[in-house]
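Below is one structure; the comments refer to it alone.
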Amino acid sequence: MSTDGTFRAVYDVSRALEFGMRGEHTAIPDELVDLTQVITEVDGLTFRSMMAAGYINVASHKDELNKINIFPLPDSDTGYNMNSTLRAGALSQLHKPESHLQKAVEVYAEAALMAGQGNSGTALSNFFISLAAGLAEAGGKPKVPIAVFAEALEKTGTAIQSAFPPDKLKEGTIVSVIRKSTKLTSAKHMTLKDLVTTWADQAKTALYETPDELEVDGVFILKEAAVKDPAIDSDSGAKGFYYMVQGIFIAIETRMTSEAIWLAGAVQAIGAAGGFKEAAEVYDGSETHQYCTECVVALKDGVGKEEVEARFTDPAFGDSLVVVAAAQASTGRTLAKVHIHTDDPDAIFAAMTTEFSDGGVPLKEKVEDMRQQVYDAKRSRYTPDTFKVTITVDDGAQVGKWAQHATGKASADMYIRGEPVSCGIDPPGISFVDVTNQMRHEDIPVAGGAAPMIRYKRLFEAAMTIPLKPVIHIGMGKLLSASLAKATDARAELPEATHNRITLLDQGYMLGPGTPIVKQMLDAAQAGFDHDELVQLFEELRSRCFYSMFLNTSAILKMVKFGRIPKSVGDKLAGLEDDQFSQVLGTHPHQGPAPMEYPKCAASMKNIVSGPHVGPGAKLKAYRDVFQKLRDSLKEGEVVRDMFCSEFFCRDDRSNQMAAIAKEILGDRLVGPVEKFPNLMAMSIVMTWGCGMLMYMIDDGATSRVIT
């Protein structure tokens with residue numbers, strides 16, 4: 001950072017533009033260690049700079065890593081998982097610098113363990129846990145000579161294999177590249193540059209051996225995939241690890257600055273606000289089980305990693321088992337994390353909480369539907385270049401990752417513990433999974449607001465670069481959010497001659513049903529609808545789309561706090577646990593079309609059923625009640641289509657349970673698949689763990705212009 005405060009001024013302006021903040025700012029980290037100097041010992045601050053550099057390089061290659069992800073599943077998430085893991089570790093160091101090497105690595109390892117997702121993220125977190133153990137064996141000192149650090153790295157490369165059952169280890173993956181690249185003690189390394197140069201060279205050599213090593217059922221899958229796409233030159237997880245090491249090497253060759261750290265997050269935020277995402281190409285894959293499941297608990301006294309691992313080695317639980325354990329730096333407790341592919345996530349969580357946990361709710365629960373991820377990655381893609389219009393949205397009209405490439409989006413802001421983050425599906429600078437899990441254990445201050453005008457202006461400027469195409473922007477209801485007001489101001493800031501190219505559409509609801517509306521608009525644009533036809537379709541969709549929110553006790557109390565629900569309602573819930581209460585609010589066909597104009601948000605949140613469900617199984621009873629009422633309200637010839645549902649947060653298996661009930665009750669009156677509503681950071685403002693969301697459209701099959 002410059003001594004004259006130049007960058008501080010630029011930073012303040014950038015934050016104001018991006019987040020509309022006034023007053024307090026997030027502190028820029030202290031100046032990072034200059035890794036270009038001759039370094040003969042590694043301390044905590046040197047480690048901090050090394051890992052910051054590794055994170056920056058992985059973050060800059062995240063999209064590439066997603067695109068080349070084909071093993072163990074082609075679900076396009078390796079870049080995201082590795083980025084999240086390294087980002088959590090880097091943030092743990094950047095905001096609380098620790099000069100003591102052992103303490104710094106332990107804190108980093110704990111953050112990586114909590115944030116690590118998927119096979120690659122879990123393997124990466126285990127790398128840092130093993131590194132902390134290796135350094136502890138060397139005495140747990142504040143700083144160590146380069147030769148000792150090299151020995152710890154080599155022990156880490158050997159130890160990481162212990163996290164995987166022998167029958168599940170695969171050559172040609174991140175594990176083999178870590179093992180091969182960290183054989184560093186045979187040569188004398190006097191300086192950090194010597195060590196990292198060798199490490200990076202060996203990692204690169206091991207990386208490009210992966211196509212000749214990764215074999216599945218007699219097929220070298222990387223070689224086979226490279227025939228279709230030459231970009232697939234190595235395993236994605238292995239390449240992510242190489243990019244981490246390469247990032248450290250780059251920082252040694254070219255000095256890294258604090259500005260670079262901030263820009264690594266800011267560039268991603270700016271890009272999401274003003275650009276259009278390219279679709280990633282993926283390849284066919286198969287999986288034995290449906291759900292990638294992760295659970296973290298604090299272990300009881302006397303219980304270790306070995307007991308946890310032994311419990312889940314039974315094939316009846318699943319496969320792809322990885323168990324890691326690490327001391328929690330802040331409390332001294334031992335945390336254990338299980339990653340497994342299974343068909344019964346509840347069995348995993350039950351065993352972890354009843355047999356191994358020191359009590360209470362798991363510190364982390366996450367279930368991802370791998371089959372849905374593969375389906376989304378392979379499904380028919382929109383081709384926005386062929387659209388006659390450009391479609392942009394805000395957070396009131398959200399679609400999943402499979403359609404994000406077809407829209408521009410201005411994400412609103414959220415403030416978590418006072419820190420601004422995006423409301424998006426993959427918000428930069430924060431882990432959605434981590435925050436929503438933490439909210440189960442502590443009262444985390446969460447607030448939100450519409451995206452600032454400058455973000456809409458950038459969005460429209462990006463859209464206007466496409467010559468002659470009109471722009472349709474679908475926004476949240478103007479009486480409930482300032483989003484459309486900001487979009488209107490942004491349009492006014494553009495040259496007057498361009499104003500008539502941007503049409504602003506008010507979807508008129510509190511939280512949606514923006515998802516089925518946007519899906520229909522994209523389907524119609526793909527089918528060749530022009531601007532006027534799309535505007536007519538939108539007007540029809542507003543009266544045909546409905547939503548339901550399944551709120552538990554905690555969510556009702558949160559909405560009382562925000563003034564959305566009368567306090568008298570909250571007073572009646574004293575003593576009721578979340579799983580004993582479900583109130584269903586929203587809009588429903590039996591009540592007629594949802595109001596487009598209303599004085600207060602409560603008018604768009606009517607009771608869908610006669611009253612709340614109370615007692616054991618309240619939520620499942622509420623699901624059945626709502627779907628039965630929906631079927632009973634359908635008129636002759638009407639069907640339900642474009643249904644999206646989700647149970648928040650991080651539990652795809654529970655969302656699928658809701659979808660199964662819908663299919664059972666609606667039967668042949670439900671057309672097409674039931675899709676998962678995307679987890680949005682914004683939903684944590686009004687939703688709590690275990691709440692549900694349902695969105696759908698009613699098609700009369702006769703006068704409707706909807707795309708089937």
Side-chain angles (χ1 to χ4, degrees), residues 42 46-47 50-51 53-55 57-58 71 78 82 85-86 89 101-102 104-106 108-109 112-113 116 119-140 144-166 168-189 192-210 212-214 234-249 305 309 322-326 337 339:
V42 178
T46 301
F47 175 79
M50 292 167 63
M51 292 303 104
Y55 159 60
N57 202 43
V58 171
F71 178 82
T78 295
M82 300 192 81
T85 305
L86 293 172
L101 176 61
Q102 184 67 41
V105 177
E106 287 177 354
Y108 191 104
L113 183 145
N119 287 283
S120 57
T122 300
L124 199 55
S125 64
N126 193 50
F127 171 82
F128 293 106
I129 291 169
S130 299
L131 179 60
L135 289 168
E137 287 182 21
V144 298
I146 295 299
V148 175
F149 193 72
E151 289 174 6
L153 284 172
E154 187 159 325
K155 289 180 180 179
T156 297
T158 302
I160 192 172
Q161 298 207 152
S162 66
F164 297 84
K168 300 301 180 185
L169 282 172
K170 284 282 186 185
E171 285 297 299
T173 64
I174 183 175
V175 175
S176 57
V177 170
I178 290 174
R179 185 188 71 246
K180 293 178 181 180
S181 70
T182 52
K183 292 185 180 297
L184 298 165
T185 58
S186 59
K188 276 195 172 183
H189 299 105
L192 183 63
K193 182 175 182 178
D194 295 338
L195 175 66
V196 174
T197 299
T198 302
W199 190 11
D201 287 344
Q202 292 180 173
K204 186 174 183 179
T205 299
L207 173 67
Y208 290 116
E209 291 172 351
T210 59
D212 294 316
E213 295 175 332
L214 185 50
S234 55
D235 174 67
S236 57
K239 198 164 195 177
F241 183 79
Y242 165 69
Y243 280 142
M244 183 193 79
V245 181
Q246 183 194 52
I248 303 171
F249 177 78
K305 170 189 169 183
E309 192 168 59
V322 180
V323 179
V324 294
K337 173 180 178 179
H339 164 282

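Values below: all heavy atoms of this structure, side chains included; hydrogens, waters and symmetry mates excluded.
L195 is listed as a side-chain neighbour of L184, based on a closest heavy-atom distance under 4.5 Å. Looking at K170 and F71, their side chains come closer than 4.5 Å, going by heavy atoms from C-beta outward. Within the 4.5 Å cutoff, the side chain of Y208 has heavy atoms near those of the K239 side chain. Taking the side chain as every heavy atom from C-beta outward, T122 and K337 approach each other to under 4.5 Å.
Here the CD1-NZ distance, from I129 to K305, works out to 8.5 Å after rounding to the nearest 0.5 Å. Here CG of L101 is found 9.5 Å from CD of E106. Values are rounded to the nearest 0.5 Å. Atom CG of L86 and atom OG of S125 lie 10.0 Å apart (nearest 0.5 Å).
Checked by atom type, the side-chain pair S236/T78 shows a donor-acceptor distance below 3.5 Å. In summary, the side chains of E151 and T185 do not present any donor paired with an acceptor at a separation below 3.5 Å, with no hydrogens or angles considered.
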Side chain to side chain contact (heavy atoms under 4.5 Å, CB included) for T173 and T210? Distances and angles first, verdict last. CA-CA 7 Å; T173 64; T210 59; over 6 Å; no

Stepwise side chain to side chain contact (heavy atoms under 4.5 Å, CB included) check, H189 with T198: CA-CA 9 Å; H189 299 105; T198 302; 3.1 Å; yes

Please assess V322 against N126 for the test side chain to side chain contact (heavy atoms under 4.5 Å, CB included), listing each intermediate value before the final yes or no. CA-CA 9 Å; V322 180; N126 193 50; 5.7 Å; no

Quick one, R179 with E171, criterion salt bridge (charged side-chain N to carboxylate O under 4.0 Å, His left out). Give me CA distance, side-chain angles, the key distance, then yes/no. CA-CA 10 Å; R179 185 188 71 246; E171 285 297 299; 3.1 Å; yes

Determine, step by step, whether L131 and F47 satisfy the side chain to side chain contact (heavy atoms under 4.5 Å, CB included) criterion, reporting the C-alpha distance in whole Å, the side-chain angles of both residues, the deciding distance to 0.1 Å, and the verdict. CA-CA 12 Å; L131 179 60; F47 175 79; 4.0 Å; yes

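Between T182 and L153, the closest heavy-atom pair is CB-O, 3.3 Å. A132 and Q102 get closest at one heavy-atom pair: O-NE2, 3.0 Å. Considering all non-hydrogen atoms of both residues, G237 and D235 come closest at N-OD2, 3.3 Å. Considering every non-hydrogen atom in both A53 and G247, the closest pair reads CB-O, 3.4 Å. Across all their heavy atoms, V177 and A203 have their closest contact at CG1-O, 4.0 Å. Residues S130 and A159 share a closest heavy-atom pair of OG-CB, 4.0 Å.
Annotation: K204, atom NZ; neighbour count of heavy atoms from other residues, nucleotides and ligands within 6.0 Å does not exceed 12.
The aromatic rings of F128 and Y108 sit tilted relative to each other, their planes meeting at an angle between 30° and 60°.
For N57 (side chain) and Y243 (main-chain N/O), a donor-acceptor pair under 3.5 Å exists by modelled atom type. Side-chain atoms of E209 do not come within 3.5 Å of backbone N or O of G172 as any donor-acceptor pair.
Using a 4.0 Å cut-off between a side-chain N of Lys or Arg and a carboxylate O of Asp or Glu, E213 and K180 qualify as a salt bridge.
If you look at F241 and F127, their ring centroids are closer than 6.0 Å.
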